[in-house]
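As structure tokens, the structure follows; a few thoughts come after it.
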Amino acid sequence: MRALAMLFGLGLMLASLPAHADGVRIKDLGRFLGWRDNALVGYGIVTGLSGSGDSPRSAATKQALSNVLSRLGANIPATDIDSRNVAAVIVTATLPPSANIGDKIDVTVTSMGDARSLAGGMLLMTPLLGPDQRDYALAQGALVVGGYNFKDNFNLSQKNYPTTGTIASGATVERAVDANIVSTDGKLKFILKDPDFTTAQRIADALNQTLGPDMAVAEGADTVEINAAGSRGDLDRLISSVENVDVVPDEGARVVVNERLGTVVAGGGVKISSVVIAQGDIKVSITTDNQAVQPYIFDGRSRRGHDLVVTNSKLEVSDASDDAVVQLPNTSVADLVRALNEAKISTRRTIAILQAIKAAGALHADIIVE
């Protein structure tokens, strides 16, 4: 195509700027071993629903409501409860690595029965348990549901999923937690988000240069061990110093394309070797025309039940007259994709071109199609 030839000419004119690697704080590249969130879960009751709660055949909901009422002094058997204004729910939350008594955390409430909607409901006080089956927080409050479900006379109107709701700051921490990130032998271990031998070694070298020799050593592609034995009295200052050391992480050569959204993301330094590309289009068009024909007998009256359908097909094949064969010297993916975008080339065709260059061995990167 003529447009393809023009865009490659434009790509050759664009100067490839050298990739400038900026330093990144170590804290943005990973985490310390032991510093993690904690999952909490609980089982509770949502009340105040307008006939959209669990049906009376839900034995678990009836029993749970009976238990709640008995703790409040009203002894009502589960068999006597018949209401669709309550729903049994599962409550989940995430406890941060460090939390104090009285801190507030968000909770998510999901229906576990046959409730149609939790809109307008109120979660009753629900203990949230950790993996050790101990209570760490108490959740209670009004739900915020981003949807609705209304049904009347077999007519249904629904938006999103109204059986899930959230309560901002809906749980209060009742048991303090503090992550232990120092091992018994006085070692800190830093875990990289993206394991890479080069990045791990650069982190160790930067820490040794900033904090002193023999302070850090790389252990594999994902771990850097830091000696904290001599900083027992000032561990927080040491961790702060480690987190704010700048490192230039090693970048893997990747090209990520998203055909649905029409985006192509690639590092500015991803190179393309010299390659020749031939691009052409063949358009095949098939048109079908169906016509109903009703035959007549000699006396002019129609013969019923013997209609005929005549099918006429037309096949057209057009070959593009402006195909192009171009030669591309060494350049970068950034220049190529920028030129493709300026030439209004579709994302599907861009993906095909990149994959063809990769198959030819001229694109030195991994292509990830989402």
Side-chain angles (χ1 to χ4, degrees), residues 23-44 89-110 123-141 166-196 199-200 202-204 206-208 210-212 214-247 249:
V24 179
R25 294 181 305 172
I26 288 180
K27 69 182 302 180
D28 297 325
L29 298 177
R31 63 176 179 86
F32 290 102
L33 183 64
W35 187 263
R36 62 179 182 84
D37 295 331
N38 303 278
L40 302 179
V41 65
Y43 167 74
V89 294
I90 292 294
V91 184
T92 59
T94 300
L95 189 66
S98 180
N100 297 307
I101 296 176
D103 290 349
K104 299 290 187 178
I105 56 177
D106 300 338
V107 299
T108 301
V109 182
T110 58
L123 175 68
L124 300 185
M125 186 171 59
T126 303
L128 300 181
L129 309 179
D132 56 358
Q133 297 300 308
R134 301 173 68 183
D135 296 345
Y136 284 91
L138 289 177
Q140 181 170 283
T166 60
I167 307 176
S169 301
T172 304
V173 176
E174 299 294 334
R175 189 187 302 273
V177 294
D178 193 9
N180 184 16
I181 60 177
V182 181
S183 61
T184 56
D185 57 351
K187 302 293 185 180
L188 280 170
K189 288 192 176 182
F190 185 79
I191 309 299
L192 277 70
K193 295 179 182 177
D194 298 317
D196 184 85
T199 302
R202 288 179 182 177
I203 292 176
L207 292 177
N208 288 330
T210 303
L211 305 179
D214 302 327
M215 282 292 295
V217 60
E219 293 185 346
D222 58 352
T223 305
V224 177
E225 186 180 77
I226 304 167
N227 184 13
S231 304
R232 288 289 185 180
D234 205 0
L235 181 61
D236 294 339
R237 184 180 298 275
L238 173 63
I239 295 176
S240 176
S241 300
V242 170
E243 289 181 335
N244 288 282
V245 173
D246 287 342
V247 175

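Every heavy atom of this structure was used, including side-chain atoms; hydrogens, water molecules and symmetry mates were not. The chain is numbered in sequence order, starting from 1.
- Results of the side chain to side chain contact (heavy atoms under 4.5 Å, CB included) test with Val247 over Ile203, Leu207, Val24 single out Ile203 as the only residue that passes.
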inquiry  = Go through it in stages, so that I can follow the logic: the residues are Ile191 and Thr223, the test is side-chain contact (heavy atoms from CB on, under 4.5 Å), and I'd like the CA-CA distance, side-chain angles, deciding distance and then a yes or no.
reply    = CA-CA 5 Å; Ile191 309 299; Thr223 305; 3.7 Å; yes
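- Atom CG of Asp246 sits in a crowded spot, with more than 12 heavy atoms from other residues, nucleotides or ligands closer than 6.0 Å.
- Across every non-hydrogen atom of Leu211 and Ser241, the tightest pair is CD2-CB, 3.9 Å.
- Atom OG of residue Ser240 and atom CG of residue Leu235 lie 11.0 Å apart, to the nearest 0.5 angstrom.
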Check your understanding: Stepwise, does the side-chain contact (heavy atoms from CB on, under 4.5 Å) test hold for Val217 with Asn208?
Key -> CA-CA 9 Å; Val217 60; Asn208 288 330; over 6 Å; no
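- In this structure, Asp185 CG and Glu225 CD are separated by 6.5 Å, a value rounded to the nearest 0.5 Å.
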What's the verdict on side-chain contact (heavy atoms from CB on, under 4.5 Å) for Thr199 and Asp194, showing C-alpha distance, side-chain angles and the deciding distance?
CA-CA 9 Å; Thr199 302; Asp194 298 317; over 6 Å; no
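- Distance alone, capped at 3.5 Å, is enough to place a donor-acceptor pair between the Thr126 side chain and the Leu124 backbone.
- Annotation for Arg175 and Val173: closest pair O-CG1, 3.3 Å, computed over non-hydrogen atoms.
- Val182 approaches Gly186 most closely through the heavy-atom pair CG1-CA, 3.9 Å.
- The number of heavy-atom neighbours closer than 6.0 Å to CG of Asp214, taken from other residues, nucleotides and ligands shown, is 12 or below.
- For the atom pair Lys187 NZ and Asn227 CG, the distance stands at 4.0 Å (nearest 0.5 Å).
- Between Ala221 and Ala200, the closest heavy-atom pair is O-CB, 4.1 Å.
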Distance-only check: which donor-acceptor pairs under 3.5 Å involve side-chain atoms of residues 26-39, not counting sequence neighbours?
from	atom 1	to	atom 2	distance (Å)
Asp28	OD2	Arg25	NE	3.3

Using distance only, find each side-chain donor-acceptor pair of residues 93-110 under 3.5 Å and give its atom names and separation, not counting sequence neighbours.
from	atom 1	to	atom 2	distance (Å)
Asp103	OD2	Asn100	N	2.8
Lys104	NZ	Thr172	OG1	2.8
Asp106	OD1	Ser169	N	2.6
Thr110	OG1	Ile90	O	3.4

Derivation of the side-chain contact (heavy atoms from CB on, under 4.5 Å) call for Leu40 and Thr92: CA-CA 6 Å; Leu40 302 179; Thr92 59; over 6 Å; no
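- Here the closest heavy-atom approach between residue Ala139 and residue Leu128 is recorded as CB-CD1, 4.2 Å.
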